[in-house]
Amino acid sequence: MGSPPQLHLVDMDLQEFGERQGSAPKASYTAPKGRITRVFFTDCNRQLITSHDGGWVRRWDTETGDMLQEVQVHEDAIQDMQVSPDGSYVITASLDKTAKLVDIASLETLKTYKTGRFVQSAAISPLYDHVLLGGGQDASQVTTTSAKAGGFEARFYHKVYAEEFGNVRGHFGPINSVAFAPDGRSFTTGGEDGYVRIHHFDMDYFTTRFF
Amino acid sequence: MAAVTELDPLEVARSLFRDQPAGFPYENFDLEELILPEDDDMGIRSDEDEEEEEELETETGFGSVIVVDCLPVVPEDKHEKLANVLKKIYSQIGNVREGGIFMPKDANNMSKGFAFVEFFSPQEAQAARAQTDGYKLDKNHTFKVSMFDDFDRYAKVPDVYAAPEIKEYSAAENLHSWMLDKLSRDQFAIKYGDEVVVMWNDGRRFRSEEAYKRTYWTESFVQWSPMGNYLATMHRQGVAVWGGPSFQRLARYSHQNVQLIEFSPAEKYLMTYSSIEPTNPREKVQVALNVFDTRSGKKLRIFAGNMEDYAIGSSAGPGGALRWPIFKWAGGLEDKYFARLAKGAIKIYETPEMTQLDKKDLKLEGVQDFEWSPAEPLLAAYTQEVGDRPANITLYRIPERTNVRSKQLFNVSDVKIFWHPQGDYLAVKVDRFTKTKKSTYTGFELFSIREKDIPMDVLELPNKSEKVLSFAWEPKGHRFALVHGDSARPSVSFYSMKDDKGKLGVKHLGTLANKACNGIHWSPMGHNIVLSGLKALNGQLEFFNVDEFEVLAAAEHFMATDVEWDPTGRYVASSVTSIHQMENGFNMWSFNGKLLYTMPRDRFGQLSWRPRVPSLLPREKEEEIRKGLKEYSRRYDEEDEALLLQADADVLQERAKQQEEWDAAAAARQEYAAQLRAFYEATYGEAAKEKEYSMTTVVVEQLLDVREEPYNA
């Protein structure tokens, strides 16, 4: 049946990093059934937050490994989870064709962004109230593609109004990963087609009042 | 001899079916969780069955028995003959049980003058009663047929009269409320997953607004009535209609396992249909149709019988199934006649009597297809070749049954009838055999109905071998569009029935060659058309104006499966239904091809626009308004601006509210976020203040090529 999903905490002393590779983890915690897709430290390293297949998001105590809270945020696997710039909430991207903003402290869903395709990745802009979603059909199911090459889009939604206001085409395969640059002036997407595309926003992005 | 090991069946089961529970979970089984197969309720009453079962469920259990009275009194030797006559009559209507005909005799062995006939089901008994009550056996004997249980019921009538309760009057809502929308928006209904939502299309502000939403409103689909007053929902027990601004339930119509419905054009009547699969494979598939009065819900007429009696000619679908609608309503808004195809005849019924017009069929030997004009009780019928008589297309005026126009057709392989939506023209597509009879070529017979003597024109395609893929008349106009060709990229041609000066005669306006198109959709106001390449062609949409003969816009709605114009011709909705797994939802376009907004919704079932009540203005006045539109619009432009600003204010208010809520939540988290930041700075010390990254521009020079070229002085 395979091994159960586990979290491993490894001591990282950067000076001796090279020699210490391969040493045993300091602690391992077992999670309930459902592959762990992302994990972050939160709450000043006192807690961990994980996202799972099956749509679950869980909070753990770093020291003891106790699961503090679990909520089924999505109906299908969570493919990606990224933390907000201020560290108090995350955005989760799921195969149930939505992305959600989840408050870390309470695991309460703050906002939902709906699309028509699987969402593989989502990111929150550090500069404006925008979020970026990327996805597409699963690679194994792509039998029909848009007549125009480059039909896979990175979609921009307003974070608060949850309305889509723009999209950027270019990939000709599903987008697997999206990220904003830390200064919010560019974003990068990587896809199944093997390309990494770095997009720099032009003047209009900063001057136009979308809403 | 080897010993036989005892096998524990439970162990075997467990090893074969690892993940399934062993045995029936008697302890923790919850009846509510049981999911029943779709059509079968296994006799378990669901909480939804609030209405009482139809009165067919009788206490005596004799619901399938009828009493036929006023029979001739006959001596013993004639008993069997009379019984056989009854058997013959009733076997045609329903299945009579073996030995189901019983004629009581009196002391002298004369029949008493009445008989009991037993069927297999109460529905058949009801149908038999309806159809044979009043049947004239001969000059002196007219059947009087009653249900056996009626006797029981009438015997129970109390002797004391009790006055019925007078219910208090409750004012109904205005059913036309949607037409009075200040922003002149149209409504449409969408179904996705288990939700049905009626929405307002606010194309001018690039959005739609929910008017009414309900989960589990229907079990399969929803359907608007032809004038838009009612929305019908389908349920296992029958049909319900809803209307008014709050979509209250207006009426219910009982029809077990109803599958399809059809409203009459003026919404006075509702016809419901179901087919009944026989329990015994040797028996035939039955159909049951009910006609209801829409407003009162009263059942007016039942049609029942074998499917094969109804699936005649063009009413027959693939595999002997039926093509809906079986009964076609005459055009116009009087709801006076409806008709269906029968073998060698058309049966026309009139309302409100619900009996056949003049009590006889319209006999047409070899009739294969017929269509009513959408504007009046004029019927176009196609009869195929019979013996010496060639195929024919004939126009009959009902109720007079006069033959107003007729045309013989030779070498016919197939015929399709296309009426103009306002009944101005009739196109008959005729596929004829070539001289060698190996292939067919297509031509059109075009009738101008409004002209004296109904003149006819013939149109043949310039390229004889091309197939016609699609044909459509321009609503409220004189033109039609034709998709023809053999390849994956056919051509679209436009013709007019009148030239600029108004002279009659088919005129070719132009052809667009090589289009990725498999469907054409005229605007309901004419003048504009959408050429669509749906399903296999991946949702290509071309918005075309026929007056200027130019393409307004070419767009794509990836994987679109359906295209629908709104009733005013201002907007087009293209949708992707759940036959595709992805990209479900719809796009809203303006009539000239500008994408206004999209609404992705998973498991998308259908989008249907709410029809508008027909305009009370005559055609000439409408044309006049259209020509003078600039002047009229000046009056309303100011009003519209004010309304839009107000409506915009509502949206902005909603957004402001959302922003406020977000800011409040953010403020609440502020302290916590500050804590995290403090921790971060404490951990990284000096490094925290540094910029996380730096960007430098590096110029790299790379030698690509060195070339020497002589310089010619």
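Being a predicted model, the structure only gives us computed values, none of them experimental.
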Q: Under 6.0 Å from the CZ atom of A:Arg197, do we count more than 12 heavy atoms belonging to anything else shown?
A: yes
Q: Please look at A:Glu163 and chain B and tell me whether the side chain, the backbone, both or neither of the residue comes under 4.5 angstrom of a heavy atom of that chain.
A: side chain
Q: Got more than 12 heavy atoms from elsewhere within 6.0 Å of CD, B:Glu671?
A: no
Q: So which of A:His158, A:Lys159, A:Lys114 has the biggest tally of heavy-atom pairs under 4.5 Å with chain B?
A: A:Lys159
Q: Counting only non-hydrogen atoms closer than 4.5 Å, does A:Asp103 touch chain B with its backbone (N, CA, C, O), its side chain (CB onward), both, or neither?
A: side chain
Q: To the nearest 0.5 Å, how far apart are CD1 in A:Ile104 and CG in B:Leu676?
A: 8.0 Å
Q: When rounded to the nearest 0.5 angstrom, what distance separates NZ in A:Lys97 from CZ in B:Arg601?
A: 13.0 Å
Q: Can you tell me if OH on A:Tyr195 sees more than 12 non-hydrogen neighbours from other groups inside 6.0 Å?
A: no
Q: For the CD atom on A:Gln69, are there more than 12 heavy atoms of other groups (residues, nucleotides or ligands in this structure) within a distance under 6.0 Å?
A: yes
Q: What part of A:Leu101 is in contact with chain B, defined as an atom under 4.5 angstrom from a non-hydrogen atom: side chain, backbone, both or neither?
A: side chain
Q: Which of residues 80-94 of chain A get closer than 4.5 angstrom to chain B, counting heavy atoms alone?
A: A:Asp86, A:Gly87, A:Ser88, A:Tyr89
Q: Compare every heavy atom of B:Arg655 with every heavy atom of A:Tyr161, then report the nearest pair and how far apart it is.
A: CE2-O, 3.2 Å
Q: Has A:Glu63 got more than 12 heavy atoms of other residues, nucleotides or ligands less than 6.0 Å from its CD?
A: no
Q: Let me confirm one number: the CG-CD distance from B:Asp602 to A:Glu75, rounded to the nearest 0.5 Å.
A: 9.0 Å
Q: Can you confirm whether B:Tyr672 sits close enough to A:Asp43 that some side-chain heavy atom of one is under 4.5 Å from a side-chain heavy atom of the other?
A: yes
Q: Using heavy-atom distances under 4.5 Å, tell me whether B:Arg669 contacts chain A through its side chain, its backbone, both, or neither.
A: side chain
Q: I need the contact set between residues 49-56 of chain A and chain B: heavy-atom distance under 4.5 Å, sorted by residue number.
A: none
Q: A:Leu110 vs B:Trp662, test: side-chain contact (heavy atoms from CB on, under 4.5 Å). Steps then yes/no.
A: CA-CA 9 Å; A:Leu110 300 168; B:Trp662 177 264; 4.2 Å; yes
Q: Below 4.5 Å from any heavy atom of chain B, which atoms of A:Asp129 appear? Answer side chain, backbone, both or neither.
A: side chain
